[in-house]
Amino acid sequence: MLPKKAIKIICIILAGLMILSAVSALIGVFAVDEQAVLSSVTTGDNDMDYILPIIIIALALVAVGVCLVLPKLKKKKQ
């Protein structure tokens, strides 16, 4: 069994990797040319290409926050 500190570090690293993967998806979405954006707007394409990576980044940040704050809250209760 791994110590608690090692598990926290692994969780933070995994959340960081999740943020990096979402940012790389956003870079691919924002790097398209203007004609592609205009054609997607006129055809009624939805905005899930933008919304989904942003949601993933937000969830990763929440996961990092929980990993850092939750142990401190547990220590205060004891």
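What you see is a predicted model, and the numbers here were worked out from it, not measured in a lab.
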All N/O donor-acceptor pairs, side-chain side in residues 57-65, below 3.5 Å, sequence neighbours left out:
none

Q: Report the C-alpha distance between I19 and I56 in whole Å, list the side-chain angles of each, state the deciding distance to 0.1 Å, and finish with yes or no for side-chain contact (heavy atoms from CB on, under 4.5 Å).
A: CA-CA 7 Å; I19 291 171; I56 292 172; over 6 Å; no
Q) Got L2 and I10 here, is their nearest side-chain heavy-atom distance under 4.5 Å? A) yes
